[in-house]
Amino acid sequence: FDVAADVARKHVVGHATYVCFFDFDDRVYCDVDYHLPQGDVLAGGAFDFAATSFTLTVTGGTGAYAGKRGAISVIPTSGHGQKLAFALAG
């Protein structure tokens, strides 16, 4: 899906690819690649399938994000959007 810099999603700054696996206990595990202008951010995490918000652990990256660690908070917005809050260190 598109990653935008604004709530209206008119200024696309990258793309994200989610690959998710589901189990029989309504849990999901996702590996995520965020493709951004300065490089890629790699993240993953497990959460309840019914969760409206969740946190992914940053496991690495490329370009400006090489060697970074941290977390990405994913919070729902209107129109089936999601607000991504990146907290990176390293």
- Indicate, with yes or no, if the rings of Tyr34 and Phe86 have centres closer together than 6.0 Å.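 They qualify: ring centres under 6.0 Å apart.
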- Query: Is the Phe22-Tyr29 ring centre distance short of 6.0 angstrom?
  - Reply: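 No; Tyr29 has its ring centre 6.0 Å or more from that of Phe22.
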- Item | Candidate list Val3, Asp33, Leu36, test side chain to side chain contact (heavy atoms under 4.5 Å, CB included), partner Val41, passing option |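 The single option meeting the side chain to side chain contact (heavy atoms under 4.5 Å, CB included) with Val41 is Leu36.
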How many angstroms lie between atom [atom1] of [X] and atom [atom2] of [Y], to the nearest 0.5 angstrom?
| X | Y | atom1 | atom2 | result |
| --- | --- | --- | --- | --- |
| His11 | Asp6 | NE2 | CG | 7.5 Å |
| Thr17 | Asp31 | OG1 | CG | 11.5 Å |
| Asp2 | Lys10 | CG | NZ | 13.5 Å |

- Task: Would you sort out whether His35 and Asp40 count as a side-chain contact (heavy atoms from CB on, under 4.5 Å), showing the intermediate values?
- Result: CA-CA 5 Å; His35 308 284; Asp40 292 353; 3.2 Å; yes
- Message: Before you tell me yes or no, could you show the steps for Thr55 and Val74 under side-chain contact (heavy atoms from CB on, under 4.5 Å), namely the whole-Å CA-CA distance, both residues' side-chain angles and the distance that decides it to 0.1 Å?
- Response: CA-CA 6 Å; Thr55 300; Val74 183; over 6 Å; no
- Look at the side-chain heavy atoms of Ile, Leu, Val, Met, Phe, Trp and Tyr, link any pair under 4.5 Å apart, and say whether Val28 and Ile75 land in one connected group.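 Shared cluster, no.
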- Task: Spell out, yes or no, whether Val32 and Phe54 are grouped together once hydrophobic residues are joined by side-chain heavy atoms under 4.5 Å, including indirect joins.
- Result: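 Val32 and Phe54: one cluster.
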- Task: Please answer whether the main-chain N or O of Gly90 pairs with a side-chain N or O of Lys68 as donor and acceptor at a distance below 3.5 Å.
- Result: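 Yes.
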- Message: For Leu88 and Arg69: C-alpha separation, side-chain torsions, deciding distance, then whether side-chain contact (heavy atoms from CB on, under 4.5 Å) applies.
- Response: CA-CA 6 Å; Leu88 302 176; Arg69 296 289 183 262; over 6 Å; no
Can you name the nearest heavy-atom pair linking [X] to [Y], along with the distance?
| X | Y | answer |
| --- | --- | --- |
| Gly45 | Leu56 | N-CD2, 3.7 Å |
| Ala5 | Val13 | CB-CG1, 3.7 Å |
| Arg27 | Asp48 | NH1-N, 3.3 Å |

- Message: Please check if the number of heavy atoms outside Phe49 that lie under 6.0 Å from its CZ is greater than 12.
- Response: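 Count not over threshold, so no.
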- Task: Find out whether Ser53 and Ser73 are in side-chain contact, i.e. whether some heavy atom of one side chain is under 4.5 Å from a heavy atom of the other.
- Result: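 A side-chain contact is absent here, since even the closest heavy-atom pair is not under 4.5 Å.
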- Item | Worked verdict on Phe47 versus Cys30 for side-chain contact (heavy atoms from CB on, under 4.5 Å) | CA-CA 9 Å; Phe47 49 91; Cys30 294; 3.9 Å; yes
